[in-house]
Every structure is written in C-alpha cells, then in structure tokens.
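The structure under discussion appears below in the form of structure tokens.
One-based numbering, in listed order, for ligands and for the atoms of each. Nothing fancy with the numbering, it's 1 onward along the sequence.
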Amino acid sequence: MLIDSYERVVDYLRVSVTERCNFRCQYCMPEKPFSWVPKENLLSFEELFEFIKIAIDEGVKKIRITGGEPLLREDLDKFIKMIYDYQPSIDLAMTTNAFLLKGTAQRLKNAGLKRINVSIDTLKPEIAQAIAGKDVLKNVLEGVEEALKVGLSVKVNMVPMKGMNANEIVDVLEYCKQRNMSIRFIEYMENVHAKANISGMKSHELLEILREKYEFTDEGFDGASPSHSYRMKDGYKFGIIEPYEDDFCKKCNRIRLTAEGYLIPCLYFDEAMSIAECIKRGDIKGAALVLKEVVRTKPEKNRWGGEDAAVSSRAFYETGG
Ligand code: SAM
Ligand code: SF4
C-alpha cells in the first residue's frame with residue numbers, strides 16, 4: 001500500500017497519454033505560439049503499461065486516462081484493454097473533451113473502460129467556440145449521446161467563468177439531470193498558461209445561483225473524491241470542486257503520470273520525478289522506488305488558497321487536470 005507523509009493512502013493514478021489537444025480552452029492552454037514535446041519523448045503504451053503494472057501491484061485501485069486530449073492518441077482502446085486484462089477489477093475511467101467520442105465509444109467500452117468524464121462548459125455553439133477556440137459543440141454533444149447509448153457511465157465537468165458561461169449553470173445542470181449524468185462544477189484554478197483575465201466563480205457564488213432554483217442539502221465530501229456533494233430533493237446529486245478551500249487536499253489519494261514519464265505528486269506544484277529511464281531499461285525495482293519517493297514527497301496542500309496564495313505554473317494539459 002502507498003501511504004504519504006500525512007497518512008493519506010495513495011491508490012489513484014491519473015495517466016496523461018498526450019499533452020496535445022484539439023481544443024485550446026481558455027482556462028487550460030496558451031493561445032500561441034506553442035511548442036509540443038517531440039513525439040519521440042513520449043512513452044509508448046507498452047512503457048506506460050509497464051509502470052501501471054508496478055503501480056497496481058503497489059496498491060493503485062483506480063486509473064484515469066487523461067491528457068491533453070486522450071482520444072488523439074491512436075489505439076487508445078488497445079491500451080485500455082492491456083490495463084483491463086491485467087486487473088479487471090480496476091476502476092478504469094477517462095476524461096475527454098468528447099470531440100472524437102462518436103465512433104469510438106463502443107470500442108472503448110468493449111476494451112474495458114467503465115466511466116468517462118466529459119468537459120461541457122456551455123450549450124451555446126458560439127460560447128463553445130469562444131472557450132475552445134473552434135466550433136466544437138455539435139461533435140461534443142453527439143459524442144456524449146453515443147457514450148450513453150453504448151452504456152458508459154458519464155459525468156460532466158463544467159468550469160464556470162464570469163462573463164462567459166456563468167449564466168448557463170442551471171441549463172448545463174438540467175441537460176445533465178435529464179440524462180441522469182452527474183455534474184461537477186470546477187472552480188477555475190489559476191495557472192500561468194491560461195488566458196489572462198479569466199474570472200472564475202467560487203463555490204459560494206455557484207451555490208447562490210443554484211439556490212434560487214433548487215432546494216438541496218450539503219452531503220460533504222464523497223469518500224476521497226475532491227468533489228463537495230449536494231443532493232436535491234428528488235435525489236439528484238451534483239458536486240463542486242473547490243481547490244481554494246482548506247479541506248480540498250485533506251483526503252487527496254492521487255498522483256499523476258505525464259506522457260513523458262514524469263510522476264507528479266501534486267497538481268499545483270512543479271516538482272516531478274521521471275520513471276522513463278527505469279522503465280526503458282527494464283528496472284522495475286528502480287521505478288517502484290521512484291513511485292514510493294513521489295508518494296513520500298506529496299505536499300500537504302496546494303497553494304491556490306490561504307494566506308500565501310499564488311498562481312500555479314503547472315500546465316493542466318500536461319498533468320491531465
Ligand atoms: N482534454 C480532456 C478534457 O478537457 O476533459 C482531459 C484533460 S483536461 C486538462 C481535464 C480537466 O481539467 C477538464 O475537465 C478541464 O475542464 C479541467 N481544467 C483544465 N484547466 C483547468 C483550470 N485552469 N481550472 C479548472 N479546471 C481545469
Ligand atoms: Fe484540451 Fe482538455 Fe485543456 Fe481543453 S481542458 S485545452 S480539451 S486538455
């Protein structure tokens with residue numbers, strides 16, 4: 001079992017399979033110019049899988065494939081099947097912008113994928129274009145319908161921003177509710193790669209808007225999930241991810257692996273250690289030691305909130321959120 005210096009059990013690995021993306025979301029990516037990590041620096045699926053096996057053997061129970069946009073990487077279904085075949089009981093999920101989901105959802109499900117989280121920030125085509133930098137909404141919504149049709153469980157992530165999509169909080173929630181998908185509103189996390197002058201919404205502002213329309217009760221945190229849960233009278237649950245709050249890091253159970261092989265102990269900080277060399281030379285023990293060291297050095301909490309609050313220099317498109 002992997003336990004950090006603050007007695008938190010680390011059993012969740014997020015694997016970013018590429019930093020590349022077909023969107024340029026304002027809150028995530030710089031506009032341009034932009035230079036990608038050369039393709040030859042990426043670990044192959046076989047190499048990522050070698051590390052994943054080590055992580056599972058050390059106690060990881062949940063794996064999320066993310067990116068950049070994971071569906072840009074060819075043969076993703078084969079990679080998913082490798083993980084599923086090694087440990088069918090693993091909680092195997094993916095976060096995607098859904099643009100390429102139509103036509104691939106069935107293959108992903110057949111490979112062993114159980115759940116997906118899809119980013120839907122708006123239901124208005126022109127706002128989607130403004131946020132993502134291109135006309136994306138039709139493909140995204142069709143991708144979601146197909147995922148539901150093939151039986152994948154779907155959760156939606158929305159990052160509400162003032163002057164952009166803040167007036168659609170209820171509409172996006174209703175869209176999800178009608179399809180029995182839960183929604184998590186994510187507070188915009190300040191980072192140096194995002195477009196300047198984004199004004200994110202804090203949890204209390206979201207709750208104020210939602211209270212005008214709904215009655216709901218506060219259910220606290222859902223296990224180790226960073227999402228603060230609320231339940232409506234009819235049983236529907238929604239969540240808010242509040243990285244600026246003190247409690248956010250208390251139950252953190254996750255570490256992140258980038259497509260280049262860097263293991264990252266915390267989404268906020270720049271610190272990382274590479275497992276690439278160990279994996280490439282077949283040094284399983286060495287990679288396991290790096291994993292344990294990264295878990296040991298996991299910081300107590302991020303610095304988005306509190307007295308010494310600061311903007312993060314970590315790129316979400318590299319770490320996978
Ligand atoms: N491309 C996929 C997607 O967009 O779902 C997966 C990668 S993306 C980095 C993962 C999640 O991070 C998305 O839900 C996105 O909304 C969220 N995200 C990215 N930048 C963020 C920021 N600055 N603050 C809050 N959430 C952010
Ligand atoms: Fe791409 Fe996801 Fe970042 Fe948007 S949030 S730019 S879809 S990686």
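When only non-hydrogen protein atoms are considered, atom 1 (Fe) of ligand 2 lies nearest to Cys21 SG, 2.2 Å. Protein heavy atom closest to atom 6 (S) of ligand 2, with residue, atom name and distance, is Cys25 N, 3.3 Å. The single protein non-hydrogen atom nearest to atom 3 (Fe) of ligand 2 is Cys28 SG, 2.4 Å, given as residue, atom name and distance.
Not one N or O of Tyr317 is nearer than 3.5 Å to an N or O of ligand 1, by distance alone. Between Gly320 and ligand 1, no N or O atom pair is found at a separation short of 3.5 Å. Polar contact check, Glu69 against ligand 1: a nitrogen or oxygen pair lies under 3.5 Å apart. For ligand 1, the polar-atom distance check finds an N/O of Asn157 within less than 3.5 Å of one of the ligand's N/O atoms. Any N or O atom pair closer than 3.5 Å counts here, and Thr96 shares at least one such pair with ligand 1.
The nearest protein heavy atom to atom 17 (C) of ligand 1 is not closer than 4.0 Å.
Enclosure of atom NZ in Lys149 is not indicated, since only 12 or fewer non-hydrogen atoms of other residues, nucleotides or ligands lie within 6.0 angstrom.
Residue Ser119 holds the heavy atom nearest to atom 14 (O) of ligand 1 of all those in Pro70, Ser119, Gly200. Between the choices Phe185, Phe99, Phe23, Tyr27, the shortest heavy-atom distance to atom 22 (C) of ligand 1 belongs to Tyr27. The heavy atom nearest to atom 1 (N) of ligand 1, out of those in Cys28, Cys25, Gly68, Gly321, is found in Gly68.
Contact annotation: Gly68 has at least one heavy atom less than 4.0 Å from an atom of ligand 2. Distances from ligand 1 to the non-hydrogen atoms of Glu187 include at least one value under 4.0 Å.
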